[in-house]
2 protein chains.
Amino acid sequence: MDRANNQRDTEALILQAAEREFLEKGYTGAKTTSIAEAAGVTHAMLHYYFRTKDKLFEKILADKLDKLGEIMFGVIGNTGLPLRERLVQGIEGHFDFIAANPLLPRFVFNELHSLPDRLEAVKYKIAPLAKAVIDNLQAAIDENSRRGKCRHVDARMIVMDIVSLNIFPFLANPLISTTFGTLFESREAFLKMRKKENVRTILDKLRLDYE
Amino acid sequence: MDRANNQRDTEALILQAAEREFLEKGYTGAKTTSIAEAAGVTHAMLHYYFRTKDKLFEKILADKLDKLGEIMFGVIGNTGLPLRERLVQGIEGHFDFIAANPLLPRFVFNELHSLPDRLEAVKYKIAPLAKAVIDNLQAAIDENSRRGKCRHVDARMIVMDIVSLNIFPFLANPLISTTFGTLFESREAFLKMRKKENVRTILDKLRLDYE
DNA sequence: ATTATCTATAGATCTATAGATAATGC
DNA sequence: ATTATCTATAGATCTATAGATAATGC
């Protein structure tokens with residue numbers, strides 16, 4: 001193997017292991033020793049490439065916040081569609097994103113809670129996107145409600161509703177599996193049902209029909 | 001001071017400090033040294049009264065799960081009222097409980113995630129109560145919908161909706177303060193508005209009018 | 001006598017680095 | 001020559017306990 005290949009390998013291996021460990025256990029719970037072990041490299045390598053646990057963590061956090069930004073940005077894209085379709089796509093897209101990154105909400109809430117300084121990054125990366133999504137949605141709601149097509153509601157509340165409803169099944173995963181274990185056939189069936197239900201709840205609130 | 005008084009004092013002081021620290025930082029993040037310091041007792045006292053960090057933690061966790069159980073049980077009590085009032089009271093009661101224990105949801109999710117063994121306690125303490133709440137609500141919905149008073153919906157979904165919507169503002173507290181900081185006058189005003197909104201969302205879904 | 005408290009410290013774990021050695025590219 | 005990797009270990013932090021001392025109740 002040539003150098004470039006080797007270098008990238010260990011660095012990437014550490015990043016992968018770090019992502020998993022940080023998302024699973026949070027900053028304090030994660031240990032650089034176990035990250036190195038999981039990555040299959042010696043512990044010194046971790047510090048060789050990233051100097052400190054903190055720097056490694058910041059890299060992971062920034063990555064995750066970027067991902068969070070992307071999904072929000074994606075929602076703004078579909079401006080051409082009618083309100084109803086935009087909502088359905090936006091809600092289902094958000095749900096699927098969380099389903100693909102089920103540990104992300106807890107991770108973000110935890111780390112922002114324990115170290116509010118990290119909010120600075122969020123303030124500049126996430127807040128503007130959230131504002132764009134909300135303004136965009138509010139304009140569409142205003143227009144539709146003026147034409148009697150739907151109720152007039154606060155877009156901030158709708159966005160909060162969507163996020164609340166979509167992240168819960170993943171945050172409460174162990175609780176739901178236990179409490180509702182006998183009440184649903186399988187986790188997959190439950191999640192599919194829940195996604196549809198969340199779409200319905202929002203459309204219902206706006207008095208937009210669903211098929 | 002007599003012995004009994006002294007004994008209770010330190011023990012209670014440790015418990016108070018431990019509750020705060022565990023809820024704030026979780027099991028791994030909390031340190032017995034800082035708990036002792038916060039309680040204003042020597043570190044050895046903590047181990048004298050509780051032997052291990054684990055035993056102290058279990059005491060706090062059991063306490064919190066009991067509280068969680070109480071609020072759920074409270075909801076079942078108001079069977080005499082019509083469905084609409086039961087829902088309003090149930091939702092607002094739950095919201096107020098979370099507002100009074102804002103760190104509880106994150107704590108429960110985190111600890112159950114990191115150590116699923118603790119689910120055993122939940123399985124026996126919480127699951128039966130949740131089932132009772134749901135069965136109770138489903139019966140009321142069935143009856144009301146049969147008489148054309150409301151839509152027929154799955155009570156499990158309604159309960160999940162309520163919990164999702166009510167806990168979010170507290171889980172995402174730092175995020176909301178930052179992202180919506182400029183969009184609401186104060187945190188109190190926001191929470192009050194959000195509580196009403198959540199009631200409205202649920203009543204809406206059932207097509208039960210709100211005043 | 002028993003219970004509560006303190007000081008001191010053992011032993012484990014964890015982050016970080018120093019310094020030696022091996023691999024790679026010029 | 002430079003970059004990557006390894007071994008060994010310093011230094012900090014944390015849980016837990018041992019053993020001495022003070023307070024309390026009989």
Side-chain angles (χ1 to χ4, degrees), chain A residues 1-63 107 110-111 114-115 117-118, chain B residues 1-63 107 110-111 114-115 117-118:
Chain A
M1 296 187 241
D2 67 341
R3 191 186 85 197
N5 220 337
N6 256 346
Q7 190 175 350
R8 280 290 140 71
D9 272 348
T10 36
E11 191 171 342
L13 284 169
I14 293 170
L15 276 172
Q16 281 166 34
E19 175 177 326
R20 190 189 297 267
E21 177 111 355
F22 279 131
L23 279 172
E24 184 70 34
K25 303 183 185 170
Y27 181 80
T28 44
K31 307 295 164 189
T32 55
T33 41
S34 25
I35 291 172
E37 195 184 5
V41 304
T42 57
H43 177 223
M45 281 298 89
L46 189 147
H47 291 279
Y48 176 74
Y49 281 106
F50 300 97
R51 298 283 307 157
T52 66
K53 180 184 180 181
D54 233 72
K55 286 201 169 64
L56 178 56
F57 178 81
E58 292 297 339
K59 201 148 249 165
I60 302 294
L61 180 65
D63 250 44
F107 174 75
N110 278 335
E111 300 309 327
S114 62
L115 238 170
D117 302 357
R118 289 173 188 141
Chain B
M1 293 188 244
D2 66 343
R3 189 186 86 197
N5 220 338
N6 254 347
Q7 191 176 351
R8 279 290 140 73
D9 272 346
T10 35
E11 191 170 342
L13 284 169
I14 294 169
L15 276 172
Q16 280 165 35
E19 175 178 326
R20 190 190 297 266
E21 177 111 355
F22 279 131
L23 279 172
E24 185 69 34
K25 305 183 183 169
Y27 182 79
T28 44
K31 305 296 164 189
T32 56
T33 42
S34 25
I35 291 172
E37 194 182 6
V41 304
T42 57
H43 177 222
M45 281 297 90
L46 190 147
H47 290 280
Y48 176 72
Y49 281 106
F50 300 97
R51 297 283 309 159
T52 66
K53 182 184 180 183
D54 233 73
K55 285 202 169 64
L56 178 56
F57 178 81
E58 291 297 340
K59 201 151 248 165
I60 303 293
L61 180 65
D63 251 43
F107 174 74
N110 278 335
E111 301 309 326
S114 62
L115 238 168
D117 301 357
R118 290 175 187 138

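By convention in this document, chain letters (A, B, ...) are assigned in the order of the sequence lines, proteins followed by strands, and residues within each chain are numbered from 1. Computed from a predicted model, the values in this text were never measured in an experiment.
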| request: Determine the contact category for A:Ala36: base if any of its heavy atoms lies under 4.0 Å from a base atom, sugar-phosphate if only primed atoms, P, OP1 or OP2 are that close, otherwise nothing. | output: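 No contact.
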Return no unless some side-chain N or O of [X] is found under 4.0 Å from OP1 or OP2 of [N].
| X | N | answer |
| --- | --- | --- |
| B:Tyr48 | D:dT17 | no |
| A:Tyr49 | D:dT3 | no |
| A:Thr32 | C:dT15 | yes |
| B:Thr10 | C:dA4 | no |

| message | With salt bridge (charged side-chain N to carboxylate O under 4.0 Å, His left out) as the rule and sequence neighbours excluded, what pairs involving residues 14-26 of chain B come up? | response |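 Residue pairs passing salt bridge (charged side-chain N to carboxylate O under 4.0 Å, His left out), neighbours aside: B:Glu19-B:Lys64, B:Glu21-B:Lys25.
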| task | Output the single nucleotide from D:dT15, C:dA16, C:dA18 whose closest atom is nearest the side chain of A:Ala44. | result |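 Per side-chain heavy atoms of A:Ala44, the pick is C:dA18.
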| In Å, rounded to the nearest 0.5 Å, how long is the span from CD1 of B:Ile60 to CD1 of B:Ile35? |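 Here the rounded value is 8.0 Å.
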| Contact check, side chains of A:Phe22 and A:Glu111, non-hydrogen atoms, under 4.5 Å |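 No, every pair of side-chain atoms sits at 4.5 Å or beyond.
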| side-chain contact (heavy atoms from CB on, under 4.5 Å) with A:Tyr49: which of A:Val41, A:Thr10, A:Leu56? |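 Option passing the side-chain contact (heavy atoms from CB on, under 4.5 Å) with A:Tyr49: A:Thr10.
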| field | Paired and unpaired positions of DNA chain D as dot-bracket, Watson-Crick or G-U wobble under 3.5 Å, | denoting a partner strand | value | ||||||||||||||||||||||||..
| message | Quick check against the 3.5 Å criterion: does A:Lys31 have a side-chain atom that pairs as donor or acceptor with the backbone of A:Thr28? | response |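 Yes.
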| message | Looking only at side-chain N and O atoms, does A:Thr32 offer a donor or acceptor that is under 3.5 Å from a partner on A:His43? | response |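 A donor-acceptor contact under 3.5 Å links the two side chains.
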